Amino acid sequence: MPAPIALVDCNNFYASCERVFQPALRGKPVVVLSNNDGCVIARSNEAKALGVEMGAPWHLNRDRFEEQGVIVRSSNYTLYGDMSARVMRILGESVPEIEIYSIDEAFLGLAGLETRMDTHLRQIRATVLRWTGIPVSIGIAPSKTLAKVANRIAKKSPESGGVLALMTEAEQTAALARLELTDLWGLARRMEARLHALGITTPLQLRDADPKWIRGHFSVVMERMVLELQGEPCMGLDHQPAARQTIMASRSFGRPVETLDEMEEAVATYISRAAEKMRRQNLVTPALQVFLITNRFREDEPQYSGQHTVHLPIATADTSRLIRGALHGVRQVWREGYRYKKASVVCLDLHSAEQIQGTLFHQADAPERRQLMASLDAINQRFGRGTVSFAASGTRKAWALRSDQRSAAYTTRWNELLAV
DNA sequence: TCTGGGGTCCTAGGACCC
DNA sequence: TCTGGGGTCCTAGGACCC
């Protein structure tokens with residue numbers, strides 16, 4: 001029997017955070033709005049009971065909210081991040097193993113706690129509530145997918161007291177019988193439709209399907225889901241989640257943007273924000289993407305969406321370099337005559353300066369190593385310590401300098417850069 | 001006038017190499 | 001003119017999550 005896994009999920013997290021700092025909101029229908037107060041991104045139970053939908057646009061629901069007494073809050077991500085850290089600290093101190101999965105969720109490894117699991121987790125739940133004011137639900141099962149199921153049922157069933165274990169097949173069967181296919185973690189509308197076409201319409205049917213047969217019709221992802229539903233864990237606890245691969249800064253505009261000047265200003269702001277994030281995490285990027293898109297809800301207007309990838313001459317987190325790159329991208333993707341709704345920049349293929357130096361050093365020959373270190377030093381001296389760490393375009397695999405033709409090309413590129 | 005902002009993983013297919 | 005097998009790398013697109 002695999003060691004049990006618990007999933008702890010904060011109930012209506014953003015709405016709960018607002019309540020901690022404004023106790024008068026307790027017991028009332030509360031919703032939290034997205035950036036620009038665009039749409040609903042969190043709802044208290046009372047708001048859910050009134051039929052407020054996730055993602056409901058505020059401008060279409062304003063009057064209704066007022067009538068129903070729904071209290072509206074703009075989002076405050078600094079506050080939520082801080083509350084999340086407090087919750088996670090308590091959880092981390094209470095169990096041997098934790099994987100922080102999102103701002104409001106964590107998986108806990110319960111090896112060694114099997115015999116007093118239920119009591120222990122109920123205590124944890126009470127502690128979190130007492131110390132932070134945030135209510136959580138906890139699901140326990142042999143696999144992550146089943147822990148998600150357990151959590152969902154725990155949240156819906158007052159009699160569980162917020163904690164539910166699904167360790168036996170009988171318990172799992174009873175729980176799965178209460179759910180729809182799209183209630184499962186990793187299964188949404190598209191896959192539901194394809195499963196229906198194969199005659200699978202319930203979670204129990206999916207669990208009882210042959211994993212190999214499923215693999216043939218879908219991919220390894222769906223095969224894993226079946227195995228996980230059968231109680232065979234395919235996804236371990238990720239103790240130290242990998243560093244970010246991409247950083248994105250993206251915003252919808254309050255009103256349509258129609259001039260290149262205005263767009264350049266917006267994108268320069270976004271890339272600056274991304275650069276700041278990168279520097280805080282000591283990351284650099286060798287390439288970035290710029291996306292522009294019109295308002296898809298305006299069917300009466302001409303639609304356009306474009307993307308351009310800019311390979312930077314060096315991997316960097318330097319704001320002025322990144323702005324230059326991003327503005328180049330904007331001019332490539334800009335088409336005159338559209339009313340743009342949203343712009344995004346994505347920094348790709350992120351790596352830390354130290355990691356890149358280490359990889360290069362490790363994979364190069366001795367003479368190349370010397371050249372490499374000298375080059376890095378020279379570049380860093382020139383552009384400032386830590387801001388520049390690598391000088392070649394391409395992906396991380398291309399970063400290895402080897403003595404074949406391809407690496408010769410990169411070395412040449414490197415030398416070119418030094419000559420600038 | 002007004003409809004979020006982040007992320008991840010997998011697959012298929014083409015270019016290119018030996 | 002014929003035209004395999006094995007591999008890597010890269011990109012685009014699809015699907016999903018919180």
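Just so you know, these numbers come straight off a predicted model, no measurement behind them. The sequence lines fix the lettering, A, B, ..., with proteins before strands; numbering per chain opens at 1. For the numbers below, each heavy atom of this structure counts, side chains included, while hydrogens, waters and symmetry mates do not.
Nucleic acid contact for A/Ile247: sugar-phosphate only, since backbone atoms but no base atoms lie under 4.0 Å from a heavy atom of the residue. Residue contacts shown for A/Leu348 are absent, as no nucleic acid heavy atom lies under 4.0 Å away. A/Gly55 comes within contact range of no nucleotide atom at all, as no heavy-atom separation falls under 4.0 Å. Looking at heavy-atom distances under 4.0 Å, A/Asp104 makes contact with sugar-phosphate atoms alone, never a base. Among the atoms of the strands shown, none is found under 4.0 Å from any heavy atom of A/Phe13. Among the heavy atoms of the strands lying under 4.0 Å from A/Arg224 are primed sugar atoms or P, OP1, OP2 only; no base atom is included. Counting any heavy atom pair closer than 4.0 Å across all strands shown, A/Ile103 reaches no nucleic acid atom. A/Arg251 comes within 4.0 angstrom of sugar-phosphate atoms only, judged by non-hydrogen atoms across all strands, and of no base. Residue-level contact check: A/Thr309 touches neither bases nor backbone, having no heavy atom under 4.0 Å from any strand.
Phosphate contact (OP1/OP2 of C/dT11, side-chain N/O of A/Gln307, threshold under 4.0 Å): absent. For the OP1/OP2 pair of B/dG4 and a distance below 4.0 Å, the side-chain nitrogens and oxygens of A/Ser75 include no atom meeting the criterion. Look at A/Trp185 and you'll find a side-chain N or O under 4.0 angstrom from OP1 or OP2 of C/dC18. Taking only side-chain nitrogens and oxygens, A/Ser344 never comes nearer than 4.0 Å to OP1 or OP2 of B/dG6. Phosphate proximity of C/dC17 to A/Lys148: absent, as no side-chain N or O sits under 4.0 Å from OP1 or OP2. Of the side-chain N and O atoms in A/Lys342, none sit less than 4.0 angstrom from OP1 or OP2 of B/dG6. Close to B/dG5, at under 4.0 Å from its OP1 or OP2, lies no side-chain N or O of A/Ser34. At C/dA15, one or more side-chain N or O atoms of A/Arg190 fall inside 4.0 Å of OP1 or OP2 (strictly under the cut-off).
The side chain of A/Val220 lies closest to B/dC10 when the candidates are C/dC16, B/dC10, B/dG5. Considering only the side chain of A/Gln245, B/dT8 comes nearest among B/dT8, B/dG6, B/dT11. Of the listed nucleotides (C/dA15, B/dT8, C/dC18), C/dC18 has the atom at the smallest distance from the side chain of A/Ser102. Taking only side-chain atoms of A/Tyr101, from C-beta outward, the nucleotide of C/dC17, B/dT11, B/dG6 with the closest atom is C/dC17. The side chain of A/Cys39 lies closest to B/dG4, out of B/dT11, B/dG4, B/dG7. Looking at the side chain of A/His311, the nearest of the listed nucleotides B/dG4, C/dT11, B/dC10 is C/dT11. Comparing atom distances between the A/Ile41 side chain and each of B/dG4, B/dG5, C/dA15 picks out B/dG4 as nearest. The nucleotide whose nearest atom lies closest to any side-chain atom of A/Ser219 is, among B/dC2, B/dC10, C/dC17, B/dC10. Residue A/Ala249 places its side chain closer to B/dG6 than to any other of B/dG4, B/dC2, B/dG6.
If you take CE of A/Met225 and C1' of C/dA15, they are 11 Å apart, rounded to a whole angstrom. The separation between A/Asp349 atom CG and C/dC10 atom P is 9 Å, rounded to whole Å. Summarising the geometry, the separation between NZ on A/Lys277 and P on B/dG5 is reported as 12 Å, rounded to the nearest angstrom. B/dG4 atom P lies 10 Å from atom CG of A/Asn35, rounded to whole Å. Taking atom OH of A/Tyr340 as the reference point, atom P of B/dC2 lies 17 Å away to the nearest angstrom. Going from atom CD of A/Glu105 over to atom P of C/dC18 covers 5 Å, rounded to whole Å. As a whole-Å value, the separation of A/Tyr270 OH from B/dG4 P is 13 Å. Atom CZ in A/Arg244 sits roughly 6 Å away from atom P in B/dT8 (whole-Å rounding).
Using a 4.0 Å cut-off between a side-chain N of Lys or Arg and a carboxylate O of Asp or Glu, A/Arg280 and A/Glu276 qualify as a salt bridge. Between A/Lys212 and A/Asp210 there is no salt bridge, since none of the side-chain N atoms of the basic residue sits less than 4.0 Å from a carboxylate O of the acidic one. Salt bridge annotation for A/Arg43-A/Glu53: absent, with no cationic side-chain nitrogen under 4.0 angstrom from a carboxylate oxygen. The residues A/Glu99 and A/Lys144 are annotated as salt-bridged, a charged nitrogen and a carboxylate oxygen being separated by less than 4.0 angstrom.
Position along DNA chain B of the nearest nucleotide to A/Phe253 versus A/Ala243 favours A/Phe253 as the more 5'-ward residue. Two residues, A/Asn36 and A/Pro256, neighbour DNA chain B, and the one matched to the more 5' nucleotide by heavy-atom proximity is A/Pro256.
With A/Asp183 as the partner, the salt bridge (charged side-chain N to carboxylate O under 4.0 Å, His left out) test is satisfied by one option alone out of A/Lys148, A/Arg152, A/Arg178: A/Arg152.
Side-chain contact annotation: A/Asp261 with A/Thr259, donor-acceptor N/O pair under 3.5 Å absent. Looking at A/Thr173 and A/Arg207, their side chains do bring a donor and an acceptor atom within 3.5 Å of each other. In the model, A/Ser44 has a side-chain atom that pairs as donor or acceptor with a side-chain atom of A/Glu46 under 3.5 Å.
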> Hey, mind stepping through A/Glu262 and A/Arg255 against salt bridge (charged side-chain N to carboxylate O under 4.0 Å, His left out) and telling me if it holds?
Replying inline: CA-CA 11 Å; A/Glu262 231 183 320; A/Arg255 57 185 167 74; 3.3 Å; yes
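In DNA chain C, stems built from 3 or more consecutive Watson-Crick or G-U wobble pairs, each with both distances under 3.5 Å, span B:5-18 with C:5-18.
Using cut-offs of 30° and 60° for the angle between ring planes, the A/Tyr77 and A/Tyr14 rings count as perpendicular.
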